[in-house]
Amino acid sequence: MTSSQAPAARVPLYLSILVALHVAIVIASNYLVQLPIRLFGFHSTWGAFSFPFIFLATDLTVRLIGKHSARRVIGRAMLPALLASYVVGVLFHDGGFNGLAALGEFNTFIFRIAFASFAAYVLGQLLDIQVFDRIRQKSRLWWLAPAASAVVGQWLDTAAFFSIAFWHSTDAFMAANWVEIAWVDYAIKLGVSLLLFVPAYGVLLAAITHWLKPVPPAAVAP
């Protein structure tokens, strides 16, 4: 399928929906990354389960309306995501509501997390778009492009986020464990993507393709 299968008149609506979806996932992930968990004896965070949704949305965007439109989504979402992530991070720091008064004082720890998310989001998504688009044009295997882009895109996203957010952090736990958490986080996100979101990509792509398929005109009776 080519990008022309998405009607041009609907593209602005699709872009608006995708921008809102990206911002919502970034906000949720920035909140959930503050909540540590242990999986099989390793440190991780709940954010590992939410962020792969963005890669699913981006890959579908590239497949349906092209990589240039996908880049427009990233460009429109990144600054609102940065601002909203900071606001939500301050209001719900450590998982509890801190009240609107918390916004009156600049929180460098939360801003660092928000900025790390901003940088990781932009870098990871742009790499994902490039890898996905190149592989989908060269391979007829529908699953290869989303799988390959998930491997490299999420690696860059994870490495950028944790190194920027928690290297020499004022949070003693994260400063001491961010490398371990980053590797476990990457393994979880990759596992979720390959086992859940790549198949979901195939199902959604087939459904959307069927929905966008033009209805043939009714036969005219002689």
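No experiment lies behind these values; they were computed from the predicted model shown.
Of the possible polar contacts, one joining the Tyr86 side chain to the Asn107 backbone as a donor-acceptor pair under 3.5 Å is found. With hydrogens and angles disregarded, no donor-acceptor distance shorter than 3.5 Å links the side chain of Ser85 to the backbone of Leu82. The closest donor-acceptor contact from the side chain of Tyr186 to the backbone of Val151 lies under 3.5 Å. A distance-only check finds no donor-acceptor pair linking the side chain of Arg136 to the backbone of Ala145 [under 3.5 Å]. Without hydrogens or angle criteria, Asn177 side chain to Glu180 main chain gives no donor-acceptor distance under 3.5 Å. Remark: the backbone N or O of Ile135 is not paired with any side-chain donor or acceptor of Ser139 at under 3.5 angstrom. A donor-acceptor contact shorter than 3.5 Å links the side chain of Asn98 to the backbone of Val90.
Thr58 and Asp128 are not linked by any side-chain donor-acceptor pair at a separation below 3.5 angstrom, with hydrogens and angles left out of the test.
Looking only at side-chain heavy atoms (C-beta outward), Val152 and Trp155 stay at 4.5 Å or farther from each other. Here the side chains of Asp59 and Leu205 are not in contact, with every heavy-atom distance at 4.5 Å or above. Looking only at side-chain heavy atoms (C-beta outward), Val198 and Trp142 come within less than 4.5 Å of each other. Using a 4.5 Å cut-off on side-chain heavy atoms (C-beta onward), Gln125 and Phe55 make contact. Residues Leu194 and Leu190 form a side-chain contact, since some pair of their non-hydrogen atoms from C-beta on lies under 4.5 Å apart. Residues Leu204 and Leu56 meet the side-chain proximity criterion, which asks for heavy atoms closer than 4.5 Å. Residues Leu79 and Phe118 form a side-chain contact, since some pair of their non-hydrogen atoms from C-beta on lies under 4.5 Å apart.
Scanning all heavy atoms of the two residues, the minimum distance from Ala70 to Ile129 falls at CB-CD1, 3.6 Å. Considering every non-hydrogen atom in both Ile25 and Ser50, the closest pair reads CG2-O, 3.6 Å. Heavy-atom minimum distance, Pro199 versus Ser193: CD-O, 4.4 Å. Ala57 and Leu21 make their closest contact through CB-CD2, 3.8 Å (heavy atoms, listed as atom of the first residue, atom of the second, distance).
In terms of the side-chain hydrogen bond (donor to acceptor under 3.5 Å, both in side chains) criterion, residue partners of Arg71 (sequence neighbours excluded) are, by chain and number, Gln130. Contacts of Trp46 classified as ring pair (Phe, Tyr, Trp, His ring centres under 6.0 Å), with partners at least two apart in sequence or in another chain: Phe49. Listed by chain and number, the residues in a side chain to side chain contact (heavy atoms under 4.5 Å, CB included) with Ala28 amount to none (sequence neighbours excluded).
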Verdict with reasoning, Phe173 to Ile181, per side-chain contact (heavy atoms from CB on, under 4.5 Å): CA-CA 11 Å; Phe173 173 81; Ile181 294 175; 3.9 Å; yes

Stepwise side-chain contact (heavy atoms from CB on, under 4.5 Å) test for Val179 and Phe162: CA-CA 8 Å; Val179 175; Phe162 280 94; over 6 Å; no

side-chain contact (heavy atoms from CB on, under 4.5 Å) between Arg112 and Trp167, intermediate numbers included: CA-CA 11 Å; Arg112 182 175 175 180; Trp167 183 65; 4.0 Å; yes

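A centroid separation of 6.0 Å or more is found between the aromatic rings of Tyr121 and Phe161.
Using a 4.5 Å cut-off between side-chain heavy atoms of Ile, Leu, Val, Met, Phe, Trp and Tyr, with links allowed through other members, Phe97 and Phe109 fall into the same hydrophobic cluster. Leu195 and Val184 sit in two unconnected hydrophobic clusters of ILVMFWY residues. Membership requires side-chain heavy atoms under 4.5 Å apart, directly or through other members. Hydrophobic clustering (side-chain heavy atoms under 4.5 Å, transitive across Ile, Leu, Val, Met, Phe, Trp, Tyr) keeps Val203 apart from Phe53.
In this structure, CZ in Arg72 is found 4.5 Å from CZ in Arg76, a value given to the nearest 0.5 Å. Atom-to-atom distance recorded for Thr61:OG1 and Leu15:CG is 8.0 Å, nearest 0.5 angstrom. Here the CD1-OG distance, from Ile27 to Ser117, works out to 9.5 Å after rounding to the nearest 0.5 Å. In this structure, CZ in Arg63 is found 6.5 Å from CZ in Phe132, a value given to the nearest 0.5 Å. Here the CG-CH2 distance, from Asp185 to Trp178, works out to 12.0 Å after rounding to the nearest 0.5 Å. For the atom pair CG of Leu156 and CG of Leu123, the computed distance is 5.0 Å after rounding to the nearest 0.5 Å.
Crowding of Gln137 atom CD: a count of heavy atoms from other residues, nucleotides or ligands under 6.0 Å exceeding 12.
Phe111 and Phe115 have parallel rings, their planes meeting at less than 30° on a 0 to 90° scale where 60° marks the start of perpendicular.
Classification of Asp157 and Lys189 as a salt-bridged pair holds, one side-chain N sitting under 4.0 Å from a carboxylate O.
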